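It should be emphasised that the depicted structure is a prediction, and the values quoted were computed from it without experimental measurement. Hydrogens, waters and symmetry mates play no part in the numbers below; they use all other heavy atoms, side chains included. Sequence lines set the chain letters: A, B, ... in the order given, protein chains first and strands last, and positions in each chain run from 1.
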Number of protein chains: 2
Amino acid sequence: MKSTEPACQYELKAARDAMEVIQGKWRVPIVISLTYGKKRFGEIHRDIPDISPKMLSQELKALEENKLITRTLYDSMPVTVEYALTPLGMSLRELLNELRNWGKYFRNEIIGQL
Amino acid sequence: MKSTEPACQYELKAARDAMEVIQGKWRVPIVISLTYGKKRFGEIHRDIPDISPKMLSQELKALEENKLITRTLYDSMPVTVEYALTPLGMSLRELLNELRNWGKYFRNEIIGQL
DNA sequence: TATCCTGGTTACCCGTTGGTAACTACTTAC
DNA sequence: GTAAGTAGTTACCAACGGGTAACCAGGATA
């Protein structure tokens, strides 16, 4: 009996890399919010009303460290900050599409039956 | 200023549904292992050497509850148990592909630069 | 002078996730 | 009798993720 799939190991590592970046309750929602265009802190917050400022700030930092978003500070009258997806962040589009598609499918198949 | 994207709310919910099912350190690896065909407990364990039997058992139960996999017990000489993807589980293929593709891309773009 | 807007930070707490080690039960092989 | 392979279970514990509430600073507005 084959003990393991050799190719499997490499595929597993790639999937884990991706999950590490996406993992957690808030990163996917934040990135999705930014796919509609650059936004300010408060605008993202209004897109995701149940996130606390602490988590939003923390997760934005993590996304910036992973080069998925940029943070731009404007020295306007009431200091404004704009967050935007980098090309790398935008490259998540397809993955996020699949995520949403499958989420809808799953809801119809399983959750809908309850 | 627009306070929120109306369509965004529905999209966010779908993505969250999907993430809830996939979330955690081990579910994606387990499902990927099973995309290579039905497997026994020990075979999955050999595909994912760093998972403990406790976690493997626990996550297999969770995946079964979400109707992604089936568990079949065979009354053979040394009791064997086979896990296999359901059609719903197989419907994750595209999502998992995107996950792996993006993981490889991310590794090249970011991790590779370090 | 007080309040609101901007965009956060800090301290504290709790529940879940996941890790380790040991143990179970049955059968076959040495 | 002892080990090894089947498929797990149990108890105990540490770390992290995330929630709440309060607070901060600067400028504008009333």
Side-chain angles (χ1 to χ4, degrees), chain A residues 1-4 12-13 15-16 18-31 33-34 37-66 69-84, chain B residues 1-4 12-13 15-17 19-31 33-34 37-66 69-84:
Chain A
M1 171 195 314
K2 246 187 323 182
S3 74
T4 198
L12 251 53
K13 205 173 79 172
R16 280 186 183 180
M19 282 303 286
E20 230 171 82
V21 177
I22 276 181
Q23 200 78 262
K25 195 171 174 183
W26 302 115
R27 294 189 193 175
V28 165
I30 291 170
V31 173
S33 167
L34 288 176
K38 59 187 178 181
K39 294 206 169 147
R40 309 216 311 253
F41 190 90
E43 291 178 301
I44 303 173
H45 199 180
R46 280 188 287 275
D47 275 351
I48 313 168
D50 47 346
I51 194 174
S52 67
K54 166 193 155 186
M55 289 309 295
L56 182 50
S57 167
Q58 175 183 307
E59 296 305 284
L60 284 169
K61 271 178 198 158
L63 292 170
E64 199 190 351
E65 274 169 24
N66 281 332
I69 65 174
T70 55
R71 190 190 116 112
T72 313
L73 179 73
Y74 292 100
D75 258 8
S76 46
M77 348 306 173
V79 164
T80 57
V81 181
E82 259 182 8
Y83 294 92
Chain B
M1 172 197 313
K2 245 190 320 186
S3 74
T4 199
L12 252 53
K13 206 173 78 173
R16 280 185 183 180
D17 286 344
M19 282 303 287
E20 230 169 82
V21 177
I22 277 181
Q23 199 80 259
K25 194 171 174 180
W26 301 114
R27 293 189 194 175
V28 165
I30 291 171
V31 173
S33 167
L34 288 175
K38 60 186 179 184
K39 295 207 168 146
R40 311 217 309 255
F41 190 90
E43 291 179 302
I44 303 172
H45 198 181
R46 280 187 287 276
D47 275 351
I48 313 169
D50 48 345
I51 194 174
S52 67
K54 167 194 154 186
M55 289 309 294
L56 181 51
S57 168
Q58 175 183 309
E59 296 304 285
L60 284 168
K61 272 178 198 159
L63 291 170
E64 199 190 350
E65 274 170 24
N66 281 333
I69 66 173
T70 55
R71 190 189 117 112
T72 313
L73 179 74
Y74 292 100
D75 258 8
S76 45
M77 347 303 174
V79 163
T80 57
V81 180
E82 259 181 10
Y83 294 93

Considering heavy-atom distances to DNA chain D, does Val79(B) or Asp50(A) have its closest nucleotide positioned more toward the 5' end?
-> Val79(B)
Whole angstrom value for the distance that separates [atom2] of [N] from [atom1] of [X]:
X	N	atom1	atom2	result
Leu73(B)	dA7(D)	CG	C1'	10 Å
Gln58(B)	dA11(D)	CD	P	14 Å
Gln23(B)	dT16(C)	CD	C1'	12 Å
Ile51(A)	dG18(D)	CD1	C1'	10 Å
Lys39(A)	dT6(C)	NZ	P	15 Å
Leu56(B)	dA7(D)	CG	C1'	10 Å
Glu59(B)	dT9(D)	CD	P	13 Å
Trp26(B)	dT16(C)	CH2	C1'	17 Å

Dump the intermediate steps for side chain to side chain contact (heavy atoms under 4.5 Å, CB included) on Val81(B) and Arg71(B), then the final yes or no.
-> CA-CA 7 Å; Val81(B) 180; Arg71(B) 190 189 117 112; 3.6 Å; yes
Of all the heavy-atom pairs spanning Phe41(B) and Leu60(B), show the shortest one and how long it is.
-> CD1-CD1, 3.9 Å
What one should report as the nearest heavy-atom pair of Glu43(A) and Arg40(A) is OE1-N, 2.8 Å
Using only side-chain N and O atoms of [X], determine if any of them is under 4.0 Å from OP1 or OP2 of [N].
X	N	answer
Lys61(A)	dT9(C)	yes
Arg71(A)	dG8(C)	yes
Ser57(A)	dT9(C)	yes
Lys25(A)	dG19(D)	yes

Closest to side chain of [X], choosing from [options]:
X	options	result
Lys54(A)	dT6(D), dG19(D), dG19(C)	dG19(D)
Val81(A)	dG8(C), dT6(D), dT9(D)	dG8(C)
Met55(B)	dT10(C), dG8(C), dG19(C)	dG19(C)
Phe41(A)	dG18(C), dA7(D), dG8(C)	dG8(C)

Just by distance, do the side chain of Arg27(A) and the backbone of Glu59(A) share a donor-acceptor pair under 3.5 Å?
-> no
Take Ile30(A) and Ile51(A) through the side chain to side chain contact (heavy atoms under 4.5 Å, CB included) test and state the conclusion after the steps.
-> CA-CA 10 Å; Ile30(A) 291 170; Ile51(A) 194 174; 4.3 Å; yes
What does Tyr74(A) touch in the nucleic acid at a heavy-atom separation under 4.0 angstrom: a base, only the sugar-phosphate, or nothing?
-> nothing
